[in-house]
Amino acid sequence: MLPSIVILASGNGSNLQSIIRHVDLGYIKARIAAVVSDNPDAMALVRAQAAGIDAVLIRQSDHASRDAWELALIEKVSKYKPALVVLAGFMRVLSERFITHFEKRIMNIHPSLLPAYRGLNTHQRVVDAGDSEHGATVHFVTPKLDDGPVIMQGRVQVSSGEDAEELASRVLEQEHIIYPEAIRQFIEGEISFDNPRCRQNTSEKISSPC
Ligand code: GAR
């Protein structure tokens with residue numbers, strides 16, 4: 001049986017769409033068991049339904065506390081017995097309890113070249129700083145925000161006069177390449193939390209910080 005992946009997404013879900021495509025093509029040999037969102041308006045839920053994947057909404061306002069919401073999230077995700085939990089634009093900070101529960105098998109993508117620009121508004125911060133280079137990072141999740149072993153980075157050169165929106169869309173293109181590749185490597189056992197194998201990649205588009 002194929003290993004199962006659960007994807008958590010809060011927004012548009014373009015990364016989700018790219019992962020769905022790579023699963024459908026057989027590039028990632030796994031099954032997306034469910035897409036779980038905290039946001040009733042998430043396009044990611046629509047994309048999941050269109051692909052015939054369980055689309056699950058777990059919103060905080062339906063629970064007595066943040067704690068109760070996260071517990072419901074843990075219970076739901078656990079039911080799918082995921083080999084890997086993928087955060088694809090999931091805009092909630094997960095507590096240590098969640099992270100310990102799925103220890104060493106949670107991946108995240110962040111729109112910066114970590115460790116630079118943890119947190120929000122990364123594209124605008126890069127523009128404001130006048131940086132010449134930007135990108136995205138896939139990493140394993142630890143309790144510290146936007147931290148944890150780096151698996152892969154996609155880089156772009158920042159053009160002069162480019163605004164945050166243009167930059168965001170070019171970084172997203174990189175995300176759609178590196179996230180499916182990182183997931184494939186995990187599913188095939190080429191990498192793990194303890195061995196993220198930060199290899200140098202000679203391709204211009206995929207690189208490693210190690
Ligand atoms: C992506 O750029 C992803 O890196 C970012 O949200 C966007 C989601 O896009 N994630 C974070 O900022 C997490 N801190 P998508 O919904 O189109 O995949």
Side-chain angles (χ1 to χ4, degrees), residues 5-24 28 32 34-51 53 55-60 70 73 84-96 98-99 102 106-128 131 133-156 158 162-183 205-207 209:
I5 297 174
V6 171
I7 300 180
L8 272 54
S10 302
N12 181 26
S14 69
N15 275 290
L16 165 68
Q17 196 69 59
S18 177
I19 297 163
I20 290 173
R21 191 163 64 83
H22 284 80
V23 167
D24 286 350
I28 298 171
I32 304 174
V35 171
V36 182
S37 185
D38 58 314
N39 174 13
D41 301 321
M43 183 62 187
L45 288 173
V46 177
R47 295 181 193 269
Q49 273 163 349
I53 298 166
V56 182
L57 173 66
I58 304 182
R59 50 177 168 183
Q60 193 175 319
E70 199 183 59
L73 191 66
L84 180 66
V85 177
V86 171
L87 310 183
F90 190 65
M91 302 312 281
R92 298 251 176 185
V93 177
L94 294 164
S95 80
E96 191 156 355
F98 185 99
I99 291 159
F102 300 104
I106 310 172
M107 262 185 208
N108 182 43
I109 192 156
H110 181 75
S112 78
L113 296 172
L114 289 174
Y117 302 109
R118 295 186 167 99
L120 298 173
N121 300 321
T122 57
H123 309 299
Q124 190 60 56
R125 287 157 67 202
V126 165
V127 169
D128 292 347
D131 292 357
E133 196 176 52
H134 184 34
T137 302
V138 180
H139 65 98
F140 285 108
V141 173
T142 60
K144 197 170 158 203
L145 186 67
D146 298 329
D147 203 68
V150 168
I151 301 163
M152 204 173 284
Q153 292 185 314
R155 290 170 193 270
V156 301
V158 182
E162 192 169 33
D163 67 22
E165 203 177 325
E166 291 163 328
L167 197 50
S169 100
R170 291 200 300 120
V171 170
L172 257 188
E173 280 174 27
Q174 293 300 307
E175 296 187 27
H176 300 163
I177 297 167
I178 62 175
Y179 217 0
E181 174 58 16
I183 293 168
K205 293 197 162 172
I206 300 175
S207 63

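Scope of the values below: all heavy atoms of this structure, side chains included, with no hydrogens, waters or symmetry mates. Each ligand, and each atom within it, is numbered from 1 in the order the structure gives. Note that the structure is predicted; figures quoted are calculated from it, not measured.
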So between Asn12, Ile109, Leu172, whose heavy atom ends up nearest atom 10 (N) of ligand 1?
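Comparing heavy atoms across Asn12, Ile109, Leu172, the nearest one to atom 10 (N) of ligand 1 lies in Ile109.
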
So which of His176, Gln17, Glu175 gets nearest to atom 1 (C) of ligand 1, if we judge by its closest heavy atom?
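Shortest heavy-atom distance from atom 1 (C) of ligand 1: Glu175.
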
Main chain of Gln17, side chain of Arg47: is a donor-acceptor contact present, judged purely on distance under 3.5 Å?
no

Could you check whether His134 and His123 have their ring centres less than 6.0 Å apart?
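His123 vs His134: aromatic centres under 6.0 Å.
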
Taking only heavy atoms of Gly89 into account, list the atoms of ligand 1 that are under 4.0 Å away from them.
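Checking each atom against Gly89, I get 6 (O), 8 (C), 10 (N).
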
Say whether Asn15, considering both its backbone and side-chain N or O atoms, lies within less than 3.5 Å of an N or O atom on ligand 1.
yes

Quick one: does Met91 get an N or O within less than 3.5 Å of an N or O on ligand 1?
no

Nearest protein heavy-atom contact for [atom]: which residue, which atom, what distance?
atom: atom 14 (N) of ligand 1; result: His110 ND1, 3.7 Å
atom: atom 16 (O) of ligand 1; result: Gly13 N, 2.7 Å
atom: atom 17 (O) of ligand 1; result: Ser14 OG, 2.6 Å
atom: atom 5 (C) of ligand 1; result: Pro111 CD, 3.8 Å

Without hydrogens or angle criteria, can the side chains of Ser10 and Asp38 be said to hold a donor-acceptor pair below 3.5 Å?
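Yes, a side-chain donor-acceptor pair sits under 3.5 Å.
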
Nearest atoms (heavy-atom pairs only) where Glu181 meets Met152:
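Looking at all heavy atoms of both residues, the closest pair is CG-CE, 3.6 Å.
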
To the nearest 0.5 Å, atom NE2 of His110 lies from atom CD of Glu175 at 9.5 Å

Ile183 CD1 to Ile178 CD1 distance, which is reported to the nearest 0.5 Å:
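Answer rounded to 0.5 Å: 10.5 Å.
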
Per-residue contact class, Met43 against ligand 1 - non-hydrogen pairs under 4.0 Å
neither

